[in-house]
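Read the structure below first, then the notes.
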2 protein chains.
Amino acid sequence: MSLSEANQDYLKAIYKLRAHGTVTTQALADRLKVAPPSATAMIKKLAALQLVTHTPYYGVQLTQTGEKIALEIIRHHRLVETYLTEVLGLGWDQAHIEAERWEHILSEEVEARMDAALGSPTRDPHGAAIPTLNGEIAVDDWTRLSEVSGGENLIVRRVSDENAELLGHLREIGLVPGAHVAVQRAVGAEGTLHLEIEGQAHVFGIAPARFVYVETLDETL
Amino acid sequence: MSLSEANQDYLKAIYKLRAHGTVTTQALADRLKVAPPSATAMIKKLAALQLVTHTPYYGVQLTQTGEKIALEIIRHHRLVETYLTEVLGLGWDQAHIEAERWEHILSEEVEARMDAALGSPTRDPHGAAIPTLNGEIAVDDWTRLSEVSGGENLIVRRVSDENAELLGHLREIGLVPGAHVAVQRAVGAEGTLHLEIEGQAHVFGIAPARFVYVETLDETL
DNA sequence: CATTGAATTTAGTTGCGGCTAATTTCTTTT
DNA sequence: AAAAGAAATTAGCCGCAACTAAATTCAATG
């Protein structure tokens, strides 16, 4: 029994939205750019397959099986993304778009070959953890750049890959995993962040800063 | 306007069946393993898109546009097949199965990267010509091994890749592009072919021999 | 506590690409 | 030339995954 692409997309979306346990129909519909009734219908199908539990008018939650499948898809996505950038030299944003399609058709065999060719990477190019074959995934406790109150010693650890356009911009200004950042002036009334990226001064919107995760070395000292 | 996978599959099938100009509904249905009415319905859609011309109760034929698209898909298929075997080390049969899925989702960008990584190959691992970006394809005038009346100096040029199981077997016994073959005794009553592959004697069924193309060096002398 | 409003679900439709059963058309045979 | 048989098409249906419009349910507010 194999799942349709739509099924897989929903599971992945639920996984990514599961921050506080339960995912609303609306959030799901928004993320997948479908109308709410479409999400309701799919939720019922996934519930029938025991991949999610659904409490009507409340929300949906992945079962163990559902989460495992979601992690498989995310593993595919991130491995492909890594492969496309590292081996075929695609840009970040391009790689993300491609991976959205590839993740559904990747066989175990090719997955294994790509994994081997890359030396079993644990992070994709944006710094996101790649789940293992067994469905384990590293938990990061990094801070969103938008929530840093100020500090000199930050290292970019991850840039969320949901938005291709944003992704391209971030790469351009050097906001990539490993980059050193210092916040000079925190969020002001205008919603801007004054920061220094590898020595270069930048003014940065608060919105995109929500998708950049940093490790705050100050605190760990 | 982009074509669905089903559309693409039909165009490819029509291209491969177009040997004598026109393709019957039945042949198409058989090849795609669908019922004849399904083929009829799709033919109508493709005709409406001006990708084929349809003469009811007679057959279907690709238009120039249709053929060009078919060749694009075949290019994708053969490039991917080559990439999977040469770069990722997959077996022939496995690569073919994968390529059936990949051909539909390959972007121009990745196509170009794979092509470059392989040095713009003109043949896939089975010896089939890879169409160019412009939709040109080499025409081969090789002979089917099943139609060779006898001869000492044959070189395998191509092994048709339609059947994964057969493909695996052919590779095992060394019947691969470049192999030297000599036919010792042509098709007998039992429908067998006695031949020598790189010095090794083999008895070979007539059926699989239809999918092996050889260059007859005897004649060219 | 009743009402309002937003989120969710139900009801009913659509397009796609399959299917079976029935009909039509062409070809071949008598 | 008529009849039989095979191939193709039409008619009508199904599952999937989307949609809009209408109902329902929950929560929040007066």
Round to a whole Å and report the spacing from [atom1] of [X] to [atom2] of [N].
X      : N      : atom1 : atom2 : value
B/H104 : C/dC16 : NE2   : P     : 18 Å
A/L49  : D/dG15 : CG    : C1'   : 14 Å
A/E5   : D/dG15 : CD    : C1'   : 17 Å
A/Q26  : D/dA27 : CD    : P     : 15 Å
A/Y10  : D/dC16 : OH    : P     : 14 Å
B/I43  : D/dA8  : CD1   : P     : 8 Å
A/D30  : D/dA18 : CG    : P     : 14 Å
B/K33  : C/dC19 : NZ    : C1'   : 17 Å

Main-chain N/O of A/H76 paired with A/E111 side-chain donor or acceptor, under 3.5 Å: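 No; judged by distance alone, with no hydrogens or angles, the pair does not exist.
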Check: B/R113 side chain, A/L88 main-chain N or O, donor-acceptor pair, under 3.5 Å: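 Looks like yes, one N/O pair under 3.5 Å.
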Ring geometry between A/H96 and A/H126 (parallel below 30°, tilted from 30 to 60°, perpendicular above 60°):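 Perpendicular, since the angle between the ring planes exceeds 60°.
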Between [options], which one does the side chain of [X] approach most closely?
X     : options                : answer
A/T40 : C/dC16, D/dT10, C/dT9  : C/dT9
A/K44 : C/dT10, D/dA18, D/dA7  : C/dT10
A/T25 : C/dG18, D/dT10, C/dT9  : C/dT9
A/Y57 : D/dA8, C/dT8, D/dA17   : C/dT8
B/V34 : D/dT10, C/dC19, D/dC19 : C/dC19

Closest-nucleotide 5' rank along DNA chain C - winner of B/P37 and B/M42: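 With B/M42 and B/P37 compared, the 5'-side residue is B/M42.
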Touch class at under 4.0 angstrom, heavy-atom based, for B/A6 against every strand present: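 Sugar-phosphate only.
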Test item: side-chain donor near acceptor, [X] and [Y], under 3.5 Å:
X      : Y      : value
B/S120 : B/D115 : yes
A/D124 : A/H77  : no
B/E98  : A/S107 : yes

Looking at [X], I'd like to know whether one of its side-chain N or O atoms comes within less than 4.0 Å of OP1 or OP2 on [N].
X     : N      : result
B/S4  : C/dG17 : yes
A/H54 : C/dT9  : yes
B/Y58 : D/dT9  : no
A/S38 : D/dC19 : yes
B/K45 : C/dG17 : yes

Nearest-nucleotide 5' precedence on DNA chain D, A/N7 against B/V23: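 The 5'-side residue here is B/V23.
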